[in-house]
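Everything quoted here is computed from the prediction, not taken from an experiment. Throughout, protein chains are lettered first and strands after them, A, B, ... in sequence-line order, and every chain is numbered starting at 1.
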Number of protein chains: 2
Amino acid sequence: MTASTILIVDDEAAIREMIRVGLELAGYECLEASNAQDAHGIIVDQRPDLVLLDWMMPVTSGLELLRRLRRDDLTRDLLVIMLTAKDDEDNRVQGLDVGADDYITKPFSSRELMARIKAIMRRSTTREQEASIEVGGLKLDPASHRVFVDTQPLDMGPTEFKLLKFFMTHQERAYSRGQLLDQVWGSNVYVEERTVDVHIRRLRKALQTDQRDCGLLIQTVRGTGYRFSTTGVCA
Amino acid sequence: MTASTILIVDDEAAIREMIRVGLELAGYECLEASNAQDAHGIIVDQRPDLVLLDWMMPVTSGLELLRRLRRDDLTRDLLVIMLTAKDDEDNRVQGLDVGADDYITKPFSSRELMARIKAIMRRSTTREQEASIEVGGLKLDPASHRVFVDTQPLDMGPTEFKLLKFFMTHQERAYSRGQLLDQVWGSNVYVEERTVDVHIRRLRKALQTDQRDCGLLIQTVRGTGYRFSTTGVCA
DNA sequence: GGCTTCTGTCATAAAATTGTCACCAAATGT
DNA sequence: ACATTTGGTGACAATTTTATGACAGAAGCC
């Protein structure tokens, strides 16, 4: 479980607990703003993935901060987990009403915390759904994670799928092997550039059917890299 | 307030109270069954709109009866209000967990009882019946809680049923193990993601008959998760 | 309380994917 | 034409991912 930034609002103990548990925090902050407006400002600056919001804040009301977060476009999509000191049903309901994604009752077990965070972050990835891309006789559907050539499903490995998806969303443009590694493999892996060649080959092969050869859509740009283009429609 | 039938379980005083209050009972019954099974049978016969379930029953446990009611398709949708003698938090939580619609602490005022009943019955109008889903030779009927392959009933565990139901209502789309855990198990449980694999296996096996193998409808999406798709019709 | 079924987790087997190489083919340059 | 560079291909061993059988504890059932 990794979260690029987690912002802890007014709860040092929670921070310690999370670190102990092994949650990988790229950064965190313990808010000590004197009012909801300041707190909101800090959150906007930090751009965390997740906010643990203590209901019982010393100065300002957690409820007001939550409302403010939900009102602002910049912070509207933030995942907010509310911490309630006791099993206070009223606060809980009120909080969920205003738009908290979840709540945890203190004291909470680290297992529970982790489970909730995981669940919340999983859920967030489900929110958006990508449209399927279609070009020539080729159709790529991100939802079902499949590729068709004229309604016939194709078979390919995960890397080939990602590669094709990248190409289809970046048509008519040449990419070097290095760029492809960055975009498809990720910028922090080290693999030989020639590896790209092999996967291009595999993708091309996967794009062949008895009727058509859509592998032709992937053109090699000698001395540079590869390009996905429709100017050579799959034969 | 009218209820065609109200069934009182093991609480004469409550009946008297309700009648005194003016609740229009089209009929009522005071259960004196010696065990949960008999009680369940009587309830099935009576088809009441509402069950007032006393937690402290002399012979059988109210909890078990409640569970039984929720498990049986015939009684699953019944409105159940739990009566707890004292403000017993544990029982209350346990009861709501198993699926009571509400609870009332004894002694209760007639006003409160009426209010709860009203609220509950309002809520109930929202409940709708689910239609059975059919795809390929597979038919899933939520009402009877059963699955057929060409009229032949299949046998599977509760989790497998829920999993299949989710898949059949979300076809042609890949889901990660985490998403499945959220959707089928619930977002607040923490189990290993590998557990999904095992249940997928069990479901696939359950979907096999001598004639067909509908387990093929569940496809694995390597590196991602699973997908329910008809493009590979059960052989 | 005894008995059966269901569940989650492991350990292990099986299968698919991946990154590299070595080697061949095509293109480029002189 | 020859030498050199760049891309295409098949093979392969390591690694990762999934499938499967076994099992103990939990939950349900009579």
For this session: Report the C-alpha distance between A:L207 and A:I218 in whole Å, list the side-chain angles of each, state the deciding distance to 0.1 Å, and finish with yes or no for side-chain contact (heavy atoms from CB on, under 4.5 Å).
Result: CA-CA 10 Å; A:L207 257 29; A:I218 299 172; 4.2 Å; yes

Exercise. Do B:Y226 and B:L180 pass the side-chain contact (heavy atoms from CB on, under 4.5 Å) test, and can you show the C-alpha distance, the side-chain angles, and the key distance before you say yes or no?
Worked result: CA-CA 9 Å; B:Y226 298 93; B:L180 291 173; 4.3 Å; yes

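Between the side chain of B:Q179 and the backbone N or O of B:S176 there is at least one donor-acceptor pair closer than 3.5 Å.
In this entry the distance linking CD of A:E193 with C1' of D:dT5 reads 15 Å, nearest Å. A:Q219 places its CD atom 15 Å from the P atom of D:dG7, with the value rounded to the nearest Å. Distance, A:I218 CD1 to D:dT9 P: 12 Å, rounded to whole Å. Regarding A:F161, its CZ atom lies at a distance of 18 Å from the C1' atom of C:dT18, rounded to whole Å.
Mapped onto DNA chain C by nearest heavy atom, A:E192 and A:D155 fall at different nucleotides, with A:D155 at the one closer to the 5' end. Remark on DNA chain C: of its neighbouring residues B:P158 and A:Y190, the 5'-side contact belongs to B:P158, judged by nearest-heavy-atom nucleotide. Residue order along DNA chain D, read from the 5' end via each residue's closest nucleotide, puts A:G225 first among B:G225 and A:G225.
Residue B:Y226 is in sugar-phosphate contact alone, with no base atom involved, counting any heavy-atom pair closer than 4.0 Å across all strands shown.
Using a 4.0 Å cut-off on heavy atoms, the residues of residues 196-210 of chain B that approach DNA chain D are B:D197, B:R201, B:R202, B:R204, B:K205, listed by number. Using a 4.0 Å cut-off on heavy atoms, none of the residues of residues 170-180 of chain A approach DNA chain C.
The minimum heavy-atom distance between A:W185 and A:T195, with the atom names listed, is CZ2-CG2, 4.4 Å. Residues A:V135 and A:M168 come closest through the heavy atom pair CG1-CE, 3.2 Å.
Residues B:E172 and B:T231 bring no donor and acceptor atom of their side chains to less than 3.5 Å of each other. Side-chain contact check for A:R173 and A:S229: no donor-acceptor pair (N or O, by modelled atom type) lies under 3.5 Å.
Side-chain N/O atoms of B:T220 include none lying less than 4.0 angstrom from OP1 or OP2 on D:dT18. An OP1 or OP2 oxygen of C:dG19 is reached within less than 4.0 angstrom by a side-chain nitrogen or oxygen of A:W185. The phosphate of C:dG19 has neither OP1 nor OP2 within less than 4.0 Å of any side-chain N or O from A:R194. Phosphate proximity of C:dT17 to A:T159: absent, as no side-chain N or O sits under 4.0 Å from OP1 or OP2.
Using a 30° and 60° split on the angle between ring planes, B:F167 and B:F228 fall in the parallel class, below 30°.
Residue side chain B:R222 reaches the base of D:dT17 through a donor-acceptor N/O pair under 3.5 Å, judged by distance alone.
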Without placing hydrogens or testing angles, list every side-chain donor-acceptor pair under 3.5 Å for residues 152-164 of chain B, not counting sequence neighbours.
{"residue": "B:E160", "atom": "OE1", "partner": "B:G157", "partner atom": "N", "Å": "3.4"}
{"residue": "B:E160", "atom": "OE2", "partner": "B:H199", "partner atom": "ND1", "Å": "2.4"}

